[in-house]
Amino acid sequence: MDPVLARQTMVNEQLKARGIKDPRVLSAFLEVPRHRFVEEYLKYKAYDDYPLSIGFGQTISQPYMVALMTQALMPQPGHKLLEIGTGSGYQAAILSRLCRIVHSIERISSLASRARKIHDELGYFNIHIRIGDGTLGLAKEAPFDGIVVTAGAPHVPEALIAQLAEGGQLIIPVGDESLQELKRFTRTKDTVKEESLGGCRFVKLIGKNGWAK
Ligand code: SAH
């Protein structure tokens with residue numbers, strides 16, 4: 001497998017073909033070596049059109065889902081972003097190419113350290129991973145220009161809306177354990193606008209303001 005070719009095919013057939021248009025987003029997907037974020041035995045499937053296991057009962061999301069969330073977040077070069085659910089570190093890597101700084105929270109420490117190591121090897125030094133409960137957000141680094149939650153929530157954690165900057169967006173899958181709706185909340189001066197971006201299926205967001213287990 002030639003990874004460069006595999007990424008071009010992925011971008012054309014999975015992203016562009018389904019309406020991902022933002023040229024900056026597409027170029028981040030051409031740049032980031034997705035195969036580095038999966039285990040050795042799955043590398044040959046790294047650019048395929050589905051999620052893959054990363055151990056601990058967790059998954060790296062389907063490329064299209066990562067692209068859809070990234071495009072919906074509208075990251076800009078000056079932005080400070082927060083991701084909840086580092087997992088493999090792939091979504092954080094994509095975001096790091098498109099903004100100034102990415103903070104990412106992961107509850108499973110082995111996943112956090114594996115992702116950190118890959119980011120270091122790739123020289124993606126604007127990503128800061130913390131171990132903890134992302135349903136509480138990250139108050140000491142707030143406000144954020146954008147927050148993306150990459151695990152399914154039973155409801156929207158209040159802290160995440162509170163930690164958005166004015167004009168900031170929160171992208172979050174909300175629903176039951178098997179099916180969720182991808183939502184975008186945009187914070188303006190005194191209101192919060194809510195939009196639906198379609199159905200999706202994520203692993204559970206587990207924490208104080210998420211699922212209990
Ligand atoms: N963004 C990831 C996909 C992660 S899967 C990627 O690009 O690979 C969802 C991740 O969310 C899992 O690793 C899971 O452990 C983590 N998670 C679930 N609940 C969490 C919480 N409350 N805080 C932080 N991480 C959480």
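Only heavy atoms go into these numbers, but all of them, side chains included; no hydrogens, no water, no symmetry mates. Ligands are counted one by one from 1 in listed order, and the atoms in each one are counted from 1 as well. It should be emphasised that the depicted structure is a prediction, and the values quoted were computed from it without experimental measurement.
Interface atoms of ligand 1 facing Thr150, defined by a heavy-atom separation under 4.0 Å, are 1 (N), 2 (C), 3 (C), 4 (C), 5 (S), 9 (C). If you number the atoms of ligand 1 from 1 as listed, the ones under 4.0 Å from a heavy atom of Val203 come out as 5 (S), 9 (C). If you number the atoms of ligand 1 from 1 as listed, the ones under 4.0 Å from a heavy atom of Ser88 come out as 6 (C), 7 (O), 8 (O).
Looking at atom 20 (C) of ligand 1, its nearest protein heavy atom turns out to be Arg107 CD, 3.4 Å. Looking only at protein heavy atoms, the nearest one to atom 12 (C) of ligand 1 is Gln58 OE1, 3.2 Å. Shortest contact from atom 7 (O) of ligand 1 to any protein heavy atom: Gln91 N, 3.0 Å. Protein heavy atom closest to atom 13 (O) of ligand 1, with residue, atom name and distance, is Glu106 OE1, 2.7 Å.
Contacts of Ile108 with ligand 1, taken as heavy-atom pairs under 4.0 Å, involve the side chain alone.
Of all the heavy atoms in Gln76 and Arg24, the pair that sits closest is CA-NH1, 4.1 Å.
For the residue pair Thr150 and Gln91, no side-chain donor N or O sits within less than 3.5 Å of a side-chain acceptor on the partner.
Atom OH of Tyr50 sits in a crowded spot, with more than 12 heavy atoms from other residues, nucleotides or ligands closer than 6.0 Å.
Taking CG of Asp49 as the reference point, atom CZ of Arg18 lies at 4.0 Å (rounded to 0.5 Å).
The residue from Thr59, Thr135, Ile105, Asn209 that puts a heavy atom closest to atom 5 (S) of ligand 1 is Thr59.
Note on Ile127: it clusters hydrophobically with Val25, by side-chain heavy-atom contacts below 4.5 Å among ILVMFWY residues.
In this structure, Gly132 has a heavy atom closer than 4.0 Å to ligand 1. Contact annotation: Lys204 has at least one heavy atom less than 4.0 Å from an atom of ligand 1. A heavy-atom separation below 4.0 Å is found between Thr86 and ligand 1.
Considering backbone and side-chain N/O atoms, Gly134 comes within less than 3.5 Å of an N/O atom of ligand 1. At under 3.5 Å, a nitrogen or oxygen of Ile206, whether backbone or side chain, sits near a nitrogen or oxygen of ligand 1. Between Ile60 and ligand 1, no N or O atom pair is found at a separation short of 3.5 Å. Geometrically, ligand 1 and Ser61 share no nitrogen or oxygen pair separated by less than 3.5 Å.
For Arg34 and Tyr90, the positive end sits near the middle of the six-membered ring, less than 6.0 Å away and at most 45° from its axis.
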